[in-house]
Asks: 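First the structure, which I've put down as structure tokens, then a few questions once you've had a look.
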Amino acid sequence: MTKQLSYGQSLMAGKILSHNWSDTPVGDITQWPPNLHTAVSIMLEAKIPMYIAWGNSFTQFYNDAYRPILGVKMEPEPLGKSTFETWDEIWPVIGPMFKQVLDGETFGFPGFNLFLERKGYLEEAYFDFSYSPIRNEDGSVGGVFLSCIETTDRVLNERRMETLANLAGHVVDSKEDVLLVHHQKLAANSKDIPFSFLYLFDKESNTYKLHSHFGIGNTDLIPQELSCLNEEKLEELISKKSMVVKTTDFFAQVPTFINKSWEEDPHQMCLFPLSLAGSRKPDLIIIYGISPRLLLDESYTRFHTLCGNYLLNSYSMQKTLDNERMRIGYMQELLTQKDEFISVASHELKTPLTSLKAYMQVLERSLDPQNKASQFIQKASLQFNKLQGLISDLLDVSKINAGKLVYNFSEFNFADVVNESWDVVALISDKHAILIERNDPAVIKGDKFRLEQVMTNFLTNAIKYSDGSKPIIIRSEVEQDNIVVSVQDFGIGIALENIARLFDRFYRVDNTSMQYQGLGLGLYIASSIIKAHNGSFWVESEPGKGSTFSFLLPINGTREFRDIETDNQTYYIGNFITIRYNAEKHWMEADWQGYQNLESVQKGCMILLDLMKKNNCSKVLNDNSYVKGNWSEASDWGSEFWFPAMQDSGLKEFAWIYSPSTFSRLAAHKSVDIFFDRIKTQFFTSKDEAIEWLSNT
Ligand code: ATP
Ligand code: MG
């Protein structure tokens, strides 16, 4: 019978055939039930670990692939022994299940945790198990058939990946905090890192100082400085990249380990040097406790390295950020100091100036008008007024920056503002003809004094930057519930590239700053005042031909963007936009009209997005031909929010017909800035060309 038996060529096949089975509960091999032969034969030919426990004594058979699971238990070969002899440490867990299998039950466990003594210590190991009955020919259960795949690597890797993933995404205030937060997060994985210390290099003392730690109860035992690392040892650590130390060599006394996962104390630890680019010495040294139930193998070390590198990288990034913050904070401090200085200085200057003015007035009145000195006093008065203007501008700017400019709102007719500011500038300019071409009456609520200041700023600029041979024209008209005011000159004009920055504080176009007096504050102050009135401002200008500075104020204090009609599917008509689905061309058409602001742009854009989705379009004809003024406040929203949403909803081509307003064009370009590559966008001055382009793309 033995001769006819063949179990293949494996090591265990040979061992089973030559084993003396007569001394075991299964008895002589020639007398085995046929189903045991079949099961053993299947097991021996299999490439995954398989195991049979036969009979009530659970006599064990296993294949070659199972042998690594036995580890040190293989000496002497435990073939033919009982399961509970070999696996005595886990018998309390598996014994009851084996017995149930003999009663006909089947078990399957993924990722089952067992502690095996196969490497000379209790080792944390995981298996996907299946226990099933092997039946005799009469249907009774003869034994347990076990097949399993060891999943220790997978389970440990997943656990370590989770720890690494948890390290990500923490916003903190400083590079020291980043280390603390991330280091403490490692404590959650006490199976891989039962304890840890982080040491930071301290330049002053030239030592590594304890920064954070976890896992040790009697913390006074943790050295505050890594004095065990002399220069020689440090060099060794740097060259080896890690170093294993016994805990008994590190601590003066045996420490208490807290948050332990196992009964045994960790008895080893591993040191890792972490260096930022360009550092001569490691910037950090991290020490990890090693689990007493794991082998410090390559993947364990790789995990330590990854954790360390993560800490180092976040430390490095935060360091850069901290430096940048400090630089900005410093700069801001300087700016605040400057503003405070300007504020105090201009205040201090005001008092003596007021007295001086009073003395000059007394002097002027006491002199005979025929007296020559009287003319000088008049000239001095003129210069004096300029000086007073400069000082009050400086004071205004410091108030605006500190958010302390107070507005006194009242109701008045805006036409009075136009007339009164004309009176003021006509006094100072005898060369220019200043014409009020239109001055619609409109009662508004606002700060009359401050709005007059805006008008005089625009007018004094027009006077300053034109030669007087041509007039200066003021228009103030009511349009769409707004007052739109413009001051036009035919002077030096401004190049396109300088227009966007005009309203910045202290900004002056380079070539004008030398020739004309001024601080570059007028437009900045004017724009702050207009914004405080919910208005907007813009410029049209051409070098050599002149400039038109305009601003808009909503008569009711706020602007209203009303719906007129919509079917919520193919069209929308509002008092600021008309949106239509062009079924023939299968695209959306948006027609913007008049003055827009953030609110109108957002409202119109969201309706356009909705209708585009409903009609499944990928093209938009965006007509700004009738857009006036400036809507630059909405351009950031357009690029950060709306264009991405349009792209997500399928937008591919966007034909943009320009507004005649330069500011509106600048806003258009800014809002597509980063989307230019992703959505095919083209700007046009003619609607026909836009339609042609969109039809052919
Ligand atoms: P300040 O108003 O503080 O006395 P400023 O006139 O130089 O000085 P702003 O009124 O803020 O400052 O104007 C900023 C810059 O804009 C000016 O320096 C000038 O270069 C340009 N600018 C303003 N108005 C005109 C204009 N009407 N024509 C041409 N350039 C102008
Ligand atoms: Mg000015």
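Worth knowing before you read on, the calculation uses all heavy atoms, side chains too, and leaves out hydrogens, waters and symmetry mates. As the structure lists them, so they are numbered: ligands from 1, and atoms in each ligand from 1. Because the structure is predicted, anything quoted here is derived from the model rather than measured.
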Asks: Run the numbers for me: atoms of ligand 1, each under 4.0 Å from some heavy atom of G520, listed by number.
Replies: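 Under 4.0 Å from G520, ligand 1 has these atoms: 1 (P), 3 (O), 5 (P), 7 (O), 8 (O), 11 (O), 12 (O).
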
Asks: Tell me how many protein N, O or S atoms are closer than 2.8 Å to the Mg ion (ligand 2).
Replies: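 Excluding waters, the total comes to 1.
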
Asks: Given I499, I525, L521, V487, identify the one with the heavy atom nearest to atom 3 (O) of ligand 1.
Replies: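 Shortest heavy-atom distance from atom 3 (O) of ligand 1: L521.
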
Asks: Exactly one of Y595, F458, F663 should register a ring-ring contact (aromatic ring centres under 6.0 Å, His included) with W538. Which one does?
Replies: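 The single option meeting the ring-ring contact (aromatic ring centres under 6.0 Å, His included) with W538 is Y595.
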
Asks: I'd like the name of whichever of Y465, F490, F549 reaches closest to atom 18 (O) of ligand 1 through any heavy atom.
Replies: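 Of the listed residues, Y465 has the closest heavy atom.
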
Asks: Which one of N457, L459, I434 satisfies the side-chain contact (heavy atoms from CB on, under 4.5 Å) criterion with S421?
Replies: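 Going through N457, L459, I434 one by one, the side-chain contact (heavy atoms from CB on, under 4.5 Å) with S421 is satisfied by L459 alone.
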
Asks: For a quick test of reading the model, state the closest non-hydrogen atom pair linking A667 to S632 and the distance between them.
Replies: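 Taking every non-hydrogen atom into account, CB-CA, 3.7 Å.
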
Asks: Between K603 and D563, does any side-chain N to carboxylate O distance fall below 4.0 Å?
Replies: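 Counted as a salt bridge, because a side-chain N and a carboxylate O are separated by less than 4.0 Å.
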
Asks: Judging by distance only, is a nitrogen or oxygen of N461 under 3.5 angstrom from one on ligand 1?
Replies: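 Yes, there is a polar N/O contact under 3.5 Å.
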
Asks: Sequence neighbours left out, what pairs pass salt bridge (charged side-chain N to carboxylate O under 4.0 Å, His left out) with at least one residue falling in residues 454-476?
Replies: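 Salt bridge (charged side-chain N to carboxylate O under 4.0 Å, His left out) check on residues 454-476 returns E437-R475.
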
Asks: If the cut-off is 4.0 Å to any non-hydrogen atom of K464, which atoms of ligand 1 fall inside it?
Replies: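 Answer for ligand 1: 4 (O), 5 (P), 6 (O), 8 (O).
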
Asks: N/O to N/O below 3.5 Å, does that happen between L523 and ligand 1?
Replies: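 There is such a contact, yes.
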
Asks: Looking at ligand 1, is there an atom of it that comes within less than 4.0 Å of some heavy atom belonging to G491?
Replies: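 Outside the 4.0 Å threshold, so no.
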
Asks: Hey, is ligand 1 close enough to D489 that some N/O pair sits below 3.5 Å?
Replies: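 D489 vs ligand 1: N/O contact under 3.5 Å present.
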
Asks: Checking side-chain contact (heavy atoms from CB on, under 4.5 Å) against I657, which of T685, L621, N624 comes through?
Replies: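 One option only clears the test, and that one is L621.
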
Asks: Is R580 salt-bridged to D567, cutoff N-O under 4.0 Å?
Replies: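 No, this pair does not count.
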
Asks: What about F409 and H533, are their ring centers closer than 6.0 Å?
Replies: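 That pair passes the under 6.0 Å test.
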
Asks: Determine whether the aromatic ring centres of residues W656 and F654 are separated by less than 6.0 angstrom.
Replies: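 Ring centres of W656 and F654 closer than 6.0 Å.
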
Asks: For residues L353 and Q388, report the shortest heavy-atom separation together with the two atoms involved.
Replies: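 Looking at all heavy atoms of both residues, the closest pair is CD1-CA, 4.5 Å.
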
